[in-house]
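It should be emphasised that the depicted structure is a prediction, and the values quoted were computed from it without experimental measurement.
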Amino acid sequence: MTAYFRGPLFYTWLFLVSATLASALLGLEGKAGVALIVLLIALVKCRVVIRTYMEVHAAPRWLRRSCDAWLLGNALMLSSPYWS
């Protein structure tokens, strides 16, 4: 049982839970600047999930870069209302 708590997936899960709790606590404030921080936390969480659980970290470089470009495009699209 303790082998599950020593693997990299456990630490990834722990990071994702911590980031979720942090963004939930930050989201209670409801300010525009906080919304961008919560969005940034969500994008980091997406990158961690894509790299770790979808195992893109072992994929060819073009696929890793494509996933990062997709995340960057989503980040720009979702944050554009806050910049105008």
Side-chain angles (χ1 to χ4, degrees):
M1 181 73 171
T2 59
Y4 292 115
F5 298 118
R6 293 184 187 156
L9 291 180
F10 173 73
Y11 293 115
T12 303
W13 174 80
L14 195 62
F15 168 75
L16 291 172
V17 169
S18 302
T20 301
L21 291 175
S23 62
L25 291 175
L26 283 172
L28 293 176
E29 293 186 26
K31 297 178 184 174
V34 174
L36 286 174
I37 295 171
V38 170
L39 179 63
L40 179 66
I41 291 172
L43 291 170
V44 169
K45 285 173 48 179
C46 286
R47 188 170 193 268
V48 168
V49 168
I50 288 171
R51 290 286 175 129
T52 305
Y53 290 110
M54 295 175 68
E55 296 186 359
V56 173
H57 69 286
R61 182 181 298 172
W62 66 268
L63 184 59
R64 292 191 308 251
R65 300 293 180 227
S66 297
C67 290
D68 289 342
W70 179 78
L71 277 174
L72 181 63
N74 280 330
L76 293 174
M77 181 182 63
L78 290 172
S79 65
S80 63
Y82 296 105
W83 303 115
S84 60

State yes or no: do [X] and [Y] share one hydrophobic cluster built from I, L, V, M, F, W and Y residues joined by side-chain heavy-atom distances below 4.5 Å, directly or via other members?
{"X": "Val17", "Y": "Val48", "answer": "yes"}
{"X": "Leu72", "Y": "Leu36", "answer": "no"}
{"X": "Leu21", "Y": "Trp13", "answer": "yes"}
{"X": "Leu39", "Y": "Leu76", "answer": "no"}
{"X": "Leu43", "Y": "Met54", "answer": "yes"}

What's the separation between atom [atom1] in [X] and atom [atom2] in [Y], rounded to the nearest 0.5 Å?
{"X": "Thr12", "Y": "Phe10", "atom1": "OG1", "atom2": "CZ", "result": "10.5 Å"}
{"X": "Leu40", "Y": "Leu78", "atom1": "CG", "atom2": "CG", "result": "12.0 Å"}
{"X": "His57", "Y": "Arg47", "atom1": "NE2", "atom2": "CZ", "result": "12.5 Å"}
{"X": "Ile41", "Y": "Ile37", "atom1": "CD1", "atom2": "CD1", "result": "7.0 Å"}

Counting heavy atoms not belonging to Met77, are there more than 12 under 6.0 Å from its CE?
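Yes, the 6.0 Å shell around CE holds more than 12 heavy atoms from other groups.
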Do Thr52 and Tyr11 come within less than 4.5 Å of each other through their side chains, counting heavy atoms only?
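No, every pair of side-chain atoms sits at 4.5 Å or beyond.
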Check: Tyr53 and Leu16 side chains under 4.5 Å, non-hydrogen atoms:
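Yes, their side chains come closer than 4.5 Å.
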Pair Arg51 + Asp68, salt bridge at N-O below 4.0 Å:
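So Arg51 pairs with Asp68 through a salt bridge.
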Which atom of [X] lies closest to which atom of [Y], heavy atoms considered:
{"X": "Val34", "Y": "Gly27", "answer": "CG1-N, 4.3 Å"}
{"X": "Val38", "Y": "Ser23", "answer": "CG2-O, 3.7 Å"}
{"X": "Ala59", "Y": "Arg64", "answer": "O-NH1, 2.8 Å"}

